[in-house]
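Working notes for the structure below.
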Amino acid sequence: MVPAQKLTNLQLELVKLFSYKVTDSQLIEIKLLLGNYFAEKASEEMDKLWDDNNWTEETMKEWSNEHLRTSYTL
């Protein structure tokens with residue numbers, strides 16, 4: 001038997017919201033809000049990586065020209 005996993009703090013907070021009835025338009029707004037929040041966090045992390053690694057436009061050009069595929073022979 002697999003042991004039960006604890007809910008995260010985010011999951012617990014969202015469960016509290018389940019008791020509220022919202023309209024479809026409110027649900028769309030909430031989804032957009034959450035999506036925008038996590039997109040902003042991802043963008044902040046990318047900015048940090050960019051700064052920490054001193055990446056430049058040239059770095060991006062070099063990456064776009066790399067061929068990282070694994071060649072397979074049968």
Side-chain angles (χ1 to χ4, degrees):
M1 178 175 225
V2 177
Q5 295 181 351
K6 290 185 177 180
L7 295 176
T8 67
N9 59 346
L10 175 59
Q11 289 169 325
L12 288 170
E13 198 60 36
L14 290 173
V15 166
K16 291 177 191 175
L17 295 175
F18 290 160
S19 65
Y20 296 103
K21 177 72 176 151
V22 296
T23 65
D24 288 343
S25 63
Q26 288 172 318
L27 181 58
I28 290 169
E29 288 177 22
I30 292 167
K31 287 180 178 182
L32 286 171
L33 234 165
L34 290 170
N36 288 338
Y37 172 81
F38 286 109
E40 179 64 28
K41 292 298 173 188
S43 182
E44 289 171 7
E45 284 300 314
M46 279 306 299
D47 288 344
K48 185 176 181 312
L49 282 170
W50 187 280
D51 292 340
D52 291 350
N53 292 291
N54 297 312
W55 291 338
T56 64
E57 288 294 325
E58 188 61 33
T59 307
M60 297 299 113
K61 288 178 187 174
E62 289 172 14
W63 287 354
S64 69
N65 293 321
E66 287 183 7
H67 297 283
L68 302 175
R69 294 186 197 116
T70 303
S71 62
Y72 295 97
T73 56
L74 299 175

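Everything numeric in this text was worked out from a predicted model, so none of it was measured.
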Pairs of donor and acceptor atoms involving the side chains of residues 38-51, under 3.5 Å and at least two apart or interchain, shall be tabulated with distances.
residue : atom : partner : partner atom : Å
K48     : NZ   : D52     : OD2          : 2.8
W50     : NE1  : W55     : O            : 3.0

Legend entry - Least distance between heavy atoms, K6 atom then Q11 atom: O-OE1, 4.3 Å
Can I get a per-line list of side-chain donor-acceptor pairs under 3.5 Å for residues 18-36, giving both atom names and the distance, sequence neighbours left out?
residue : atom : partner : partner atom : Å
S19     : OG   : K16     : O            : 3.2
T23     : OG1  : S25     : OG           : 3.1
T23     : OG1  : Q26     : N            : 3.1
T23     : OG1  : Q26     : OE1          : 3.3
Q26     : OE1  : T23     : N            : 2.8
N36     : ND2  : L32     : O            : 3.2

Legend entry - E66 atom CD, over 12 foreign heavy atoms within 6.0 Å: yes
Legend entry - Nearest-0.5 Å distance, OG1 of residue T56 to CD of residue E62: 7.0 Å
